[in-house]
Amino acid sequence: VMTLNAESLDTLLESYFSFARHLKCPEYAVTNILQSKDLKTDEKIIHLKTLISTRVTSYSSWLLVADNAKSISQVLIHLPGPGNEQWARGQLLITTQDTASIPLPSSFIGHISLKKGMKLDDACSLLANLSGIADSNMEMKVAEALDYQPLALASAATYVKQLRQSITASRFGWNNYLEKLGKGQRSTTETILADTNPSYPKSMTEATKLAVNEIVQSDKVINHTLSFLSLCAPEPLSQDIVINYILDVDEEIQDKEMIITRIQRCSLILLQEEDGDIFIGVHQVLRDVIQSLMKESPENVQLEAVSGAITAFSQFIDDSLPENQWLYIDTVLKTQHVAPHLIRLIMKIEKLISKEKILRIIKTGTDLLKLGQTCAHHCDFNSARRYYEYSLETFLGTNGPDNVAVATTCSYLGSIYHDLGDFQQAKEFHHRALEIQLKNLRPQHVDLATTYSNLGSVHQRLGDFKQAKEFHQRDLNITLKELGPEHVDVAATYSNLGSVYQDLGDFEQAKEFHQRALHIKLKKLEPEHVDVAATYSNLGSVHQRLGDFEQAKEFYQRDLNITLKKLGPDHVDVATGYSNLGFVYRKLGDFEQAKELHQRAVDIKMKKLGPEHVDVAAAYGNLGFIYRKLGDFDQAKELHHRALDIQLKKLGPEHVHVAATYSNL
């Protein structure tokens, strides 16, 4: 077995010189070739290779490793090839990142990709042997965090072992290592191996930096791709979005097929296929490197990357949205892979660029509205709010304060503050939208109806049920006239009015409105649409208030079955379904089942809405009531106090929900 350094012709010459000596080729011949002033480097390699060929035939088998070939085309001619009888008994292994020059597979040539790193068992074994710690569960976590890359694993194990040998850090373990990794301190953990390992004095991070610096200087497609990925989340990203980005930021590159080929042959990029779509990603160490490079890059490069990212995501969302706005579930499913990247993008933008410069590079506020809507669909309301705020600033600057685009954005902001539980702020934005629309639109315009509906919902959450009823009635008057009695928007208004009548205590009238809504939705939408599920939930609530708990339970179960299937187990609408069923089981006397359901609701709402949301407060209240019924008064008291703290902060001291919590306490 012999290893040649194939990085360049000079390193290859040095390796062949050592190879010839190992094989005991005549010393005078080897020295004369190396010291000759008449021969060029490639000619010296040819002569040494000829000497070596005569010795190789005496071996029954051999393996020649040509390591780190930066340019395959440059070194391949100087390596053994098929058809030469002297080299017929062995194999040649070439390691390279020059994937663009790799010969196509044949009877003599096979390809092995090392992108995905070691097998799990091998990675865990490496960690255990080098660190001296036997903990299979932690080994798996560390191996996954380091993408199964051997150099990274060796650095981690050496670092942990070294610390455990010191008196001050003798208890340092894998949990501590993963904490440092999570804090972005990876490079500090790699120094020990790099300093003490003579065979490879480069850390994983340093090696990755070298690879990135080299490829971004030689390949514009990969340079753009890595710049874009530095703004995105770790999750795989659709290749189509990356193509949109490159086409937008570089007018000289307009060949989609060429972009795809470059990306798919790049050794730094990971590819995976899902349902016929190609997604791309990178290892965490590469992500750290490209994010660091983006921070250090000139401001104009950062601005170009941010602007291109906004446009690329907007174009993709445009292509993904269904023509029918009521196909909400289709929108959620088609954008589920995009949402994590939009959430990370707004964070990255605000870290890299000032607000004034962000507004300067935004081409249109509409793009930001789309990104915000997608975040809202996936229940990240804070990210949605930030996109909407930048969109509003953009429209104010380009269109003026009384433009309908400003009104539309105010409506979105009002709705997102509603979702965030800040109902006073929501009311202000919806009233602002209404003022602009009344100036610009005819009195029966459907956009006015939407704003009346939004105001009705906000006033309802604020406890002003009579005002809420008036706004929903205005909405109904317009939608009935403009859209007809069987439009889904009319059904939505019936649902809203039903909820208000329920809050006013008129349960029979509430039931009638919800039944009208259900009739229209079943006629116009598929039977498992999420809006049909919402109406089942409303009917369940009315039947519960009427004392018909078995019927309420049936409606709530229908709602939950649909939302679980369509939205997944972690959606806030699913949490609401659990809460509703918990109410019914409480009424039916099954407190253990009720407790389990309310706890599920708390867990989801905490995860999706954050610890200070009014809906989390309501979930605490529900769970507290159950603990009281179960006789655990200390736990009940704690939960009601948590609810009260949130409600006083978010709703004020005179809200009806605060009164209810006082009553519970």
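If you're wondering where the values come from, they're calculated on a predicted model, not measured in any experiment.
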Do other residues, nucleotides or ligands put more than 12 heavy atoms under 6.0 Å from Gln272 CD?
yes
Classify the ring geometry of Tyr417 against Phe429: parallel below 30°, tilted from 30° to 60°, perpendicular beyond 60°.
parallel
If I compare all heavy atoms of Ser579 with all of Ala601, which pair ends up nearest, and what's the gap?
OG-CB, 3.2 Å
Does either side chain, that of Thr493 or that of Asp475, offer a donor lying less than 3.5 Å from an acceptor on the other one?
yes
Donor-acceptor check, side chain of His514 to backbone of Asn496, threshold 3.5 angstrom: yes or no?
no
Give a yes or no answer on whether the side chain of Gln425 reaches the backbone of Gly414 with a donor-acceptor pair at less than 3.5 Å.
no
Option from Val614, Asn382, Val572, Ile604 for which side-chain contact (heavy atoms from CB on, under 4.5 Å) with Leu609 holds
Val572
I'd like to know if Arg385 pairs up with Glu389 as an ion pair, taking the criterion as any Lys NZ or Arg NE/NH1/NH2 lying under 4.0 Å from an Asp or Glu carboxylate oxygen.
yes
Does Arg461 qualify as a cation-pi partner of Phe423, given the criterion of NZ or CZ under 6.0 Å from the six-membered ring centre and within 45 degrees of its axis?
no
When you compare the side chain of Tyr388 with that of Leu369, does any pair of heavy atoms fall below 4.5 Å?
yes
Please confirm whether the backbone N or O of Leu229 pairs with a side-chain atom of Arg287, one donor and one acceptor, at under 3.5 Å?
yes
Distance (rounded to the nearest 0.5 Å) between Glu393 CD and Thr398 OG1
11.0 Å
Proximity of His598 and Tyr578 rings by center, below 6.0 Å
no
Quick one: does any side-chain atom of His283 pair with a main-chain N or O of Val285 as donor and acceptor, under 3.5 Å?
no
Side chains of Ser537 and Asn580 only: does a donor on one sit below 3.5 Å from an acceptor on the other?
yes
Do the side chain of Gln302 and the main chain of Lys295 share a donor and acceptor less than 3.5 angstrom apart?
yes
Tell me whether Glu482 is salt-bridged to Arg442, with the criterion being a basic N under 4.0 Å from an acidic carboxylate O.
yes
Any donor-acceptor pair under 3.5 Å linking the side-chain atoms of Ser499 with those of Gln460?
no
From Leu567 CG over to His377 NE2, what is the distance, rounded to the nearest 0.5 angstrom?
11.0 Å
With Leu368 as partner, the option from Leu392, Thr409, Ile362, Ile346 fulfilling side-chain contact (heavy atoms from CB on, under 4.5 Å) is Ile362
Gln437 versus Thr451, side-chain donor and acceptor atoms under 3.5 Å
yes
With no hydrogens and no angle check, is any side-chain donor or acceptor of His341 less than 3.5 Å from a backbone partner on Cys232?
no
Without swapping roles, check the side chain of Ser227 against the backbone of Asn223 for a donor-acceptor pair under 3.5 Å.
yes
Check step by step if salt bridge (Lys or Arg N to Asp or Glu O under 4.0 Å) holds for Lys608 and Asp570.
CA-CA 8 Å; Lys608 289 294 185 179; Asp570 290 333; 5.8 Å; no
Taking the basic N atoms (NZ, or NE/NH1/NH2) and the acidic carboxylate oxygens, is any pair closer than 4.0 Å for Lys605 and Asp615?
no
Gln217/Asn213 under side-chain hydrogen bond (donor to acceptor under 3.5 Å, both in side chains): CA gap, chis, key distance, verdict:
CA-CA 6 Å; Gln217 292 174 16; Asn213 284 327; 5.3 Å; no
Working to the nearest 0.5 angstrom, can you tell me the gap between Lys521 NZ and Tyr536 OH?
11.0 Å
Look only at the side chain of Tyr620 and the backbone of Val602, and say whether a donor-acceptor pair between them is shorter than 3.5 Å.
no
To the nearest 0.5 Å, how far apart are CD in Gln315 and CG in Asn244?
4.5 Å
If we ignore angles and hydrogens, is there a donor and acceptor under 3.5 Å between the side chains of Glu470 and His459?
no
Would you call Val404 and Leu441 a side-chain contact if the rule is heavy atoms closer than 4.5 Å?
yes
Presence of salt bridge, Glu235 and Arg344, under 4.0 angstrom:
no
CD of Gln254: more than 12 outside heavy atoms within 6.0 angstrom?
yes
Between Asn300 and Glu304, a side-chain donor and acceptor under 3.5 Å
no
If we only count heavy atoms from C-beta on, is the Gln473 to Leu476 side-chain gap below 4.5 Å?
yes
Would Thr335 and His378 count as having a side-chain donor-acceptor pair, cut-off 3.5 Å?
yes
Tell me whether Lys355 is salt-bridged to Glu350, with the criterion being a basic N under 4.0 Å from an acidic carboxylate O.
no
Checking side-chain contact (heavy atoms from CB on, under 4.5 Å) against Ile259, which of Thr225, Val242, Asp250, Ile253 comes through?
Ile253
Less than 4.5 Å apart, side chain to side chain, heavy atoms only: is that true for Cys375 and Ile343?
yes
Less than 4.5 Å apart, side chain to side chain, heavy atoms only: is that true for Ile280 and Pro236?
no
Can you confirm whether Thr408 sits close enough to Phe395 that some side-chain heavy atom of one is under 4.5 Å from a side-chain heavy atom of the other?
no
So Tyr501 and Phe513, would you call those rings parallel, tilted or perpendicular, with 30° and 60° as cut-offs?
parallel
Can you confirm whether His571 sits close enough to Val574 that some side-chain heavy atom of one is under 4.5 Å from a side-chain heavy atom of the other?
yes
Between atom CZ of Arg386 and atom OG of Ser391, what is the distance when rounded to the nearest 0.5 Å?
15.0 Å
How long is the span from the CD1 atom in Ile646 to the CG atom in Leu651, to the nearest 0.5 Å?
10.0 Å
What one should report as the nearest heavy-atom pair of Thr479 and Ala449 is CG2-CB, 3.9 Å
I'd like to know if Asp219 and Arg262 make a salt bridge, using a cut-off of under 4.0 Å between side-chain N and carboxylate O.
yes
Under 3.5 Å, is there a donor-acceptor pair between the Gln264 and Gln239 side chains?
yes
What is the minimum heavy-atom distance between Val282 and Leu268, and which atoms define it?
CG1-O, 3.8 Å
Side-chain ion pair, Glu356 and Arg360, N-O less than 4.0 Å
no
Can you see which heavy atom on Ser457 is nearest to which on His418, and at what distance?
CB-CE1, 3.6 Å
Which heavy atom in Ala468 sits nearest to a heavy atom in Gly456, and how many Å separate them?
CB-O, 3.2 Å
Identify the heavy atoms of Leu359 and Tyr390 that sit nearest to each other, and give their distance.
CD2-O, 3.7 Å
Kindly state each residue pair satisfying salt bridge (Lys or Arg N to Asp or Glu O under 4.0 Å) with at least one member in residues 408-434, sequence neighbours excluded.
none
Heavy-atom side-chain proximity of His224 to Tyr245 below 4.5 angstrom:
yes
